[in-house]
Amino acid sequence: MDNHYYPSNSFNKERQDLNHDIVMKGRKKIEITGVKHVESFDHEEFLLETVMGYLAIKGINLKMQNLSVEQGVVVIEGKIFDISYLDDQGGDHAKGFLSKLFK
């Protein structure tokens, strides 16, 4: 007999939190999984905290079509111009490279 006890939700929740995907359909609809928190949003920009860091989505006429906090899924519709992660990984290196390029 197995003596180990695993709470049914904790194991699945930990595995689910590691998933982070972005699916965009025709620059008009984007589905993001692995969302921990919606920091801010308006018609031009959404700032989301994901399991992989902060994610900014920029565009026009953006609106949230679906938000499932339990599943960590956000669906945004509108005209999408930019999707970027806001972290410092490689930031200084990239700035140095660009400054040398445009001297």
Side-chain angles (χ1 to χ4, degrees):
M1 184 166 185
D2 190 8
N3 291 343
H4 299 289
Y5 172 72
Y6 297 103
S8 60
N9 290 343
S10 68
F11 182 71
N12 290 334
K13 184 169 175 57
E14 286 175 24
R15 293 192 66 159
Q16 189 177 29
D17 286 346
L18 297 177
N19 294 332
H20 173 58
D21 295 311
I22 298 173
V23 177
M24 185 165 38
K25 298 179 181 178
R27 287 184 68 179
K28 294 180 182 177
K29 184 176 185 179
I30 187 168
E31 180 178 319
I32 304 154
T33 61
V35 176
K36 294 166 63 175
H37 181 70
V38 177
E39 285 291 323
S40 64
F41 64 94
D42 60 26
H43 295 293
E44 295 180 348
E45 183 175 17
F46 276 69
L47 180 59
L48 310 172
E49 181 183 3
T50 74
V51 295
M52 297 286 194
Y54 284 92
L55 178 67
I57 295 116
K58 296 179 183 178
I60 56 173
N61 297 325
L62 299 179
K63 54 189 168 202
M64 193 175 328
Q65 290 300 313
N66 187 18
L67 170 63
S68 175
V69 177
E70 300 83 28
Q71 295 178 340
V73 176
V74 173
V75 177
I76 300 169
E77 288 187 354
K79 180 132 185 186
I80 299 163
F81 294 146
D82 184 54
I83 302 167
S84 59
Y85 288 92
L86 307 175
D87 58 6
D88 290 335
Q89 295 178 351
D92 292 336
H93 179 71
K95 287 178 190 173
F97 173 75
L98 289 175
S99 65
K100 289 177 187 176
L101 183 64
F102 291 109
K103 276 189 176 183

According to ring pair (Phe, Tyr, Trp, His ring centres under 6.0 Å), who are the partners of Y54, at least two apart in sequence or on a separate chain?
none

Can you tell me how far CG of N19 sits from CD of Q71, rounded to the nearest 0.5 angstrom?
12.0 Å

Are V38 and I83 connected in the hydrophobic side-chain network, where two residues link if heavy atoms are under 4.5 Å apart?
yes

The reported gap from CG in L48 to CE in M64 (rounded to nearest 0.5 angstrom) is 7.5 Å

Between atom CD of E31 and atom CD1 of I76, what is the distance when rounded to the nearest 0.5 Å?
11.0 Å

According to a 4.5 Å side-chain heavy-atom criterion applied to Ile, Leu, Val, Met, Phe, Trp and Tyr, with indirect links allowed, do F81 and F41 form part of one hydrophobic cluster?
no

So does D21 get a backbone contact from the side chain of T33, meaning a donor-acceptor N/O pair under 3.5 Å?
yes

In the structure I gave you, are the side-chain heavy atoms of K79 and N61 within less than 4.5 Å of one another anywhere?
no

How close do L86 and A56 get, counting heavy atoms only, and between which atoms?
CD1-CB, 4.0 Å

Of all the heavy-atom pairs spanning L62 and I57, show the shortest one and how long it is.
CD1-O, 3.8 Å

same_hphob_cluster(I30, I60) at 4.5 Å side-chain heavy-atom cutoff:
no

Could you see if V75 belongs to whatever hydrophobic cluster contains V51? Use Ile, Leu, Val, Met, Phe, Trp, Tyr and a side-chain cutoff under 4.5 Å.
no

Using the six-membered ring wherever Trp is involved, compare the ring planes of H20 and Y85 and label them parallel, tilted or perpendicular (cut-offs 30° and 60°).
perpendicular

Applying the 4.5 Å side-chain criterion to the ILVMFWY set and letting contacts propagate, would L67 and V73 be lumped into a single cluster?
no

Sequence neighbours left out, what pairs pass salt bridge (Lys or Arg N to Asp or Glu O under 4.0 Å) with at least one residue falling in residues 32-50?
K36-E49

What is the minimum heavy-atom distance between M24 and R27, and which atoms define it?
SD-CA, 3.7 Å

